[in-house]
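Right, one structure below, let's go through it.
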Amino acid sequence: MAEEPQSVLQLPPSSAAGGEGLTDVSPETTTPEPPSSAAVSPGTEEPAGDTKKKIDILLKAVGDTPIMKTKKWAVERTRTIQGLIDFIKKFLKLVASEQLFIYVNQSFAPSPDQEVGTLYECFGSDGKLVLHYCKSQAWG
Amino acid sequence: MEEDEFIGEKTFQRYCAEFIKHSQQIGDSWEWRPSKDCSDGYMCKIHFQIKNGSVMSHLGASTHGQTCLPMEEAFELPLDDCEVIETAAASEVIKYEYHVLYSCSHQVPVLYFRASFLDGRPLTLKDIWEGVHECYKMRLLQGPWDTITQQEHPILGQPFFVLHPCKTNEFMTPVLKNSQKINKNVNYITSWLSIVGPVVGLNLPLSYAKATSQDERNVH
């Protein structure tokens, strides 16, 4: 896989805990829209590999869910599904009553405490983990 | 607007059978219980959990940083310590029972559950609400009665808590439609349970996600 220049999006500490550890690896987006203002600076290139602390995640929208402008993210292996859900909800500016679900294999929702590193080991391919996300009014 | 995806009772039973087959392969202890006249039935699982959330470990094993002694030397452990550990653990163990039934009126599966301490004391609705995963707590608190209610089990006739099924189609339909687009076989019960289970402390091992796709020969 050819190495691409990365733009590293630093999320400020004041954003939600779920926002920590996520950096933007998408080269096609030069003006990302984070939940709050943040500095964007080019980062040094880390070789992709299994020993890397972060894994690449590709987010795909399902149904009527808004598509994220930035789809490719480098995420800490220890980030939980819940953390990722919180991050996407903020990114998409969903209201509290809207639930967001994340799926592997397009059909299975891992439990909220599941770490993305484990999911990558089980379901990752071509150096990335594809996750589908879907918003829904699940209850009430 | 997407057309809602309903499943008939026969289809429900078929998906449950596949689900249980995988459960048996990984020792997850789900089983099918037919009703008295065997016309219908439900899936059932029982699991035990220590109330503070830690993994259930062998009663009597050292948990205070002491060296683990082999069984034959266990007698040399001060008896008081063993008793204290066992007593404390016993009062905190909760038995969870999950039942998956088919709802004819909603044409979807429904999750019934109940929980009790080992001495038989049932958990209250308040205890249940407090045990709901952080992820869902906010939504639950906004409309608790829309989410978890107490109802009579249709087959057993005993009071159970129920996760309300009226919105099941809302979150299942996009997933199913999406899978259909790529000709992927999806076990409705597996998908559905992976979504609703965590709300009430039921987490499916990841191998269920692969169980259906292993039957497929195409890799994408």
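The basis for the numbers below is simple: all heavy atoms, side chains too, and nothing from hydrogens, waters or symmetry mates. So that the names make sense, note that chain A is the first sequence line, chain B the second, and so on, each numbered from 1.
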Give the intermediate values and the outcome of side chain to side chain contact (heavy atoms under 4.5 Å, CB included) for residues K10(B) and R14(B). CA-CA 6 Å; K10(B) 284 276 175 280; R14(B) 179 168 56 84; over 6 Å; no
Evaluation steps, side chain to side chain contact (heavy atoms under 4.5 Å, CB included), between I155(B) and Y42(B): CA-CA 9 Å; I155(B) 294 175; Y42(B) 58 94; 3.7 Å; yes
Below 6.0 angstrom between ring centroids: does that apply to F19(B) and Y208(B)? yes
Option that, when pairs with chain A are counted at under 4.5 Å, heavy atom only, ranks first among L206(B), N178(B), V175(B): L206(B)
Heavy-atom distance under 4.5 Å to chain B: side chain of C122(A), backbone, both or neither? both
Sort out for me which of T118(A), D113(A), L100(A), I81(A) touches chain B most, counting heavy-atom pairs under 4.5 Å. D113(A)
Is P205(B) in contact with chain A via its backbone, its side chain, both, or neither, using a 4.5 Å heavy-atom distance? backbone
Are F87(A) and W73(A) an aromatic pair by the rule of ring centers under 6.0 Å? yes
